[in-house]
Amino acid sequence: YEVTDSAGNYAVRLDTVDYRYAGKSTAKKKKNEKNKPDKLVVNMNTGAGKPLDLNTTLVLTTDKPVLNLDPSNISLEKTEDTLKIPLKFTIRKDSLELRKFILNARWEENTDYRLVIYPPAFTSIYETQPDTLKRTFKTQKADYYGKLMVALDSVENNVIVQLLQKDIPVRQESTRKNGKLTFDYVLPGKYKVKIIYDRNNNGFWDTGRYLEKLQPEKVAFYHNEIDIRSNWDLDISLPGKEPGNQ
């Protein structure tokens, strides 16, 4: 192509241009690889540096919905020095979250465990499976937790006692008789204590029904926020009789 130099004269300039060409088969292959689902990823709620709480279950979460679960391809072992002791366990799909699975066993405090998941254990709806997963974890020490004992008297119906943090229930126990409710393995922290007078004995708090002239079930709170400390026992008392009843 022609250009003008500094004196205004015309001159011819040559430039080099590089072109890259991708054949049709290569482009199609890359497109197929892009659309192919990745391997199934399985995560768990514990691991190195994060002990498993004694009052919880082992939670496995997948990144894709699972079509098939095969527990025979999951191995749980307790490790003692060089020994690996196979353990019995149960595993089930969570009723609310389709990508969550609950694995439960008889955990011992301050103990090492090893979980192995082989590919056929989980098959996603895309027919993908995970790589072999090997994870070691440890349970928490028993003296890390505190214990709360709630004394109840004059119990007339079922009563439900809840521990709340930031107004969210984190633990719950119930009884239909006088005595003590015991909360073992309570994580250290500050809690509110709430009691629900479960008048119809159905296991949860009921709102009122206007047309039937039924009032909501009554609730009460312990007068102070409680502080649960490691390796401490705390005793409190709550009225088992519904407020207003003579």
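Just so you know, residue 1 is the first one in the sequence shown, and it goes up from there.
Remark: the Asp227 side chain and the Tyr191 side chain contain no N/O donor-acceptor pair separated by less than 3.5 Å. Checked by atom type, the side-chain pair Asp70/Asn73 shows a donor-acceptor distance below 3.5 Å. Side chains of Asp184 and Asn55: no donor on one and acceptor on the other come within 3.5 Å. Using modelled atom types, one finds a donor on one side chain and an acceptor on the other under 3.5 Å when comparing Asp198 with Asn158.
At a threshold of 4.0 Å, the pair Glu108-Arg106 does not count as salt-bridged, since none of the basic side-chain nitrogens sits closer than that to a carboxylate oxygen. A salt bridge does not link Asp112 to Lys78: none of the charged side-chain nitrogens sits closer than 4.0 Å to a carboxylate oxygen. Under 4.0 Å is where a charged nitrogen must lie from a carboxylate oxygen, and between Glu109 and Lys141 no such pair does. A salt bridge links Asp235 with Lys180: the closest approach of a Lys/Arg side-chain nitrogen to an acidic carboxylate oxygen falls below 4.0 angstrom.
The salt bridge (Lys or Arg N to Asp or Glu O under 4.0 Å) with Glu97 is formed by just one residue from the set Lys93, Arg99, Lys100; it is Lys100.
Of all heavy-atom pairs spanning Ala142 and Leu54, the tightest one is CA-CD1, 4.2 Å.
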Going through the checks in order, is the salt bridge (charged side-chain N to carboxylate O under 4.0 Å, His left out) test met by Arg114 and Glu77?
CA-CA 5 Å; Arg114 180 174 181 262; Glu77 301 167 334; 3.2 Å; yes
Kindly indicate, with the supporting measurements, whether the criterion side chain to side chain contact (heavy atoms under 4.5 Å, CB included) is fulfilled by Trp107 and Leu58.
CA-CA 10 Å; Trp107 310 116; Leu58 189 63; 4.1 Å; yes
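Counting heavy atoms from C-beta outward, Asp233 and Met149 have side chains that approach closer than 4.5 Å. Side chains of Thr136 and Thr79 form no contact here, defined as non-hydrogen atoms less than 4.5 Å apart. By the 4.5 Å heavy-atom criterion applied to side chains, Glu217 and Val219 are not counted as neighbours. Looking only at side-chain heavy atoms (C-beta outward), Leu60 and Phe122 come within less than 4.5 Å of each other.
Ring-plane geometry between Tyr113 and Phe137 is classed as parallel, the angle between the planes falling under 30 degrees on a 0 to 90 degree scale with a further cut at 60.
Surrounding CD of Glu173 are more than 12 heavy atoms belonging to other residues, nucleotides or ligands, all under 6.0 Å away.
Under the 4.5 Å side-chain heavy-atom criterion for grouping Ile, Leu, Val, Met, Phe, Trp and Tyr, Leu87 is not connected to Val59 through any hydrophobic cluster. In this structure, Ile228 is a member of the same hydrophobic cluster as Leu187, with clusters built from ILVMFWY side-chain heavy atoms closer than 4.5 Å.
Residues Tyr185 and Tyr144 keep their aromatic ring centres 6.0 Å or farther apart.
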